[in-house]
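FYI, side chains are in, hydrogens and waters are out, and symmetry mates aren't considered; it's all heavy atoms of this structure. Quick note: residue numbers are just sequence positions, from 1. The shown structure was predicted, so the numbers you read here are calculated from the model rather than taken from an experiment.
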Amino acid sequence: MSTNCLEVKNLTKVYAQNREKEKTIAVDNLSFNIEHGQIFGLLGPNGAGKTTIIKVICGLTKPDSGQILIEGYDHLKERKDALKNISVSLEGNRNIYWQLTPAENLEFFAKINGNFQKNLSDKINELLSIFNLEDKKNIPVRKLSQGMKRKVEIAACLISDPSLILLDEPTLGLDVMSSYSIREYLKYLVREEGKTILLTSHDMNIVEDLCENVLILKQGKKIAAGKTAEFISYFYTSFYDIIVEKLEESQEEDLKKLSFVNINKKGNQISISFDSNDSRDIYKVFDILEREDTIIKEINHKKANLEKVFLNILNEKKSILLALNLDIHTG
């Protein structure tokens, strides 16, 4: 068996924008692989092509060119064999039947995927418990809140036994406890059952918590790909926000001469903020403040996280990108 659960090769998808047949390239010659037994994050701003990629992988949209292999099966030439290995939950779509109850939806989707096992009711009850839906199991989905509907959609996606699970914004609209439960269950599926998960999310905290590898898109193109931990490590920096009551005019002028410093006035307070991984930068700021015995009211210090990395890459900070040994595309 191949080490890759999913292989995407030179995928391109173009949409006609209007009657004049103007074209929009949603996915532009994209290639990436996902190995078995991991959670892989597909990231990018709105319109980057994330949902289109998932729709192409699961067969809802036909690509204009390229090849997709799922467990080694070509999803166009060997469609039945390829698609039997995947399950998908698309954000913003009605992936379930609203007239049915949560329990009925799970039973329906399990059976159309060939699961008639004797322990099916136990599996259904397990998922309802994980998603905290036990007391809603016999209520029609149309009567549930939007967050509960979303939980039923994801549970229905997981009730079959696919090797590849595609989740588009799985925790969007969920409360903190529900989001935590889902994240822990996804980790369990990978760790204990060897599942492979491809997810999209705008919540970088969730991506950082779940994803071993990430791919960052912009306007349908891959601009960066690599291990999540390596991104954070390579972009290691610290953010400082120093709050003072006042600055002398000469101090403010000297601080503005430091290219890495931003000064913002908030009422009677002044915020001096900057990113740095060089202690000499910090000393330069403090030397200027010490000159007039400036009273520091507060110092906020945060280390780099995936959100900061993500924004740096999208903004194409070339000086940072060039220092990396990751798969970075700036052209």
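Within 6.0 Å of OH on Tyr283 lie no more than 12 heavy atoms contributed by other residues, nucleotides or ligands. Counting heavy atoms of neighbouring residues, nucleotides and ligands inside a 6.0 Å radius, atom CZ of Arg191 exceeds 12 of them. Within a 6.0 Å sphere centred on CD1 of Ile112, other residues, nucleotides and ligands contribute more than 12 heavy atoms. Other residues, nucleotides and ligands place no more than 12 heavy atoms under 6.0 Å from the CD atom of Gln219. Residue-environment remark: OH (Tyr97) stays at or below the threshold of 12 foreign heavy atoms within 6.0 Å. With a 6.0 Å radius and a threshold of 12 heavy atoms from other residues, nucleotides or ligands, Ile25 has its CD1 atom at or below the threshold. At most 12 non-hydrogen atoms from other residues, nucleotides or ligands lie less than 6.0 angstrom from CD of Glu249.
Note on Glu252 versus Lys256: salt bridge recorded, some NZ/NE/NH1/NH2 to OD/OE distance being below 4.0 Å. In this structure, Lys111 pairs ionically with Glu107, as a charged nitrogen and a carboxylate oxygen lie closer than 4.0 Å. A salt bridge between Asp254 and Lys257 is present, with a side-chain N of the basic residue lying under 4.0 Å from a carboxylate O of the acidic one.
Inspection of the Asn268 and Glu245 side chains reveals no N or O donor paired with an N or O acceptor under 3.5 Å. The closest side-chain donor-acceptor pair between Glu35 and Asn33, if any, does not fall under 3.5 angstrom. Looking at Ser89 and Arg150, their side chains do bring a donor and an acceptor atom within 3.5 Å of each other. One side chain, Ser271 or Asp241, offers a donor N or O that lies under 3.5 Å from an acceptor on the other. Between the side chains of Thr12 and Asn29, no donor-acceptor pair is found at a separation under 3.5 Å. Checked by atom type, the side-chain pair Gln251/Arg291 shows no donor-acceptor distance below 3.5 Å. Side chains of Asn132 and Lys151: no donor on one and acceptor on the other come within 3.5 Å. Looking at Glu71 and Ser163, their side chains do bring a donor and an acceptor atom within 3.5 Å of each other. No hydrogens or angles considered: nothing links the side chains of Asn10 and Gln67 as a donor-acceptor pair under 3.5 Å.
Atom OH of Tyr185 sits about 11.5 Å away from atom CD of Glu192, to the nearest 0.5 Å. In this structure, CG in Leu198 is found 11.5 Å from NZ in Lys50, a value given to the nearest 0.5 Å. Atom CG in Leu255 sits 4.5 Å away from atom CD1 in Ile263 (nearest 0.5 Å). In this structure, SG on Cys211 lies 9.5 Å from CG on Leu42, to the nearest 0.5 angstrom.
The closest side-chain heavy-atom distance from Ile34 to Asn4 is not below 4.5 Å.
When all heavy atoms of Thr101 and Val141 are compared, the closest pair comes out as C-CG2, 4.0 Å. Heavy-atom minimum distance, Glu78 versus Tyr73: OE1-CA, 3.5 Å.
In terms of hydrophobic clustering, with Ile, Leu, Val, Met, Phe, Trp and Tyr side chains grouped at heavy-atom distances under 4.5 Å, Ile197 and Leu69 are assigned to different clusters. Leu167 and Tyr180 are not part of a single hydrophobic cluster, where members link through side-chain heavy atoms under 4.5 Å apart.
Remark: Ser273 pairs with no residue by the side-chain hydrogen bond (donor to acceptor under 3.5 Å, both in side chains) rule, at least two apart or across chains. Annotation: side-chain hydrogen bond (donor to acceptor under 3.5 Å, both in side chains) contacts of Glu184 (sequence neighbours excluded): Lys187.
Cation-pi geometry between Lys13 and Tyr15 is satisfied (NZ or CZ under 6.0 Å from the ring centre, within 45° of the ring normal).
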Working note: Asp168 + Thr51, criterion side-chain hydrogen bond (donor to acceptor under 3.5 Å, both in side chains); need CA distance, chi angles, decisive distance, verdict. CA-CA 7 Å; Asp168 193 12; Thr51 299; 2.9 Å; yes
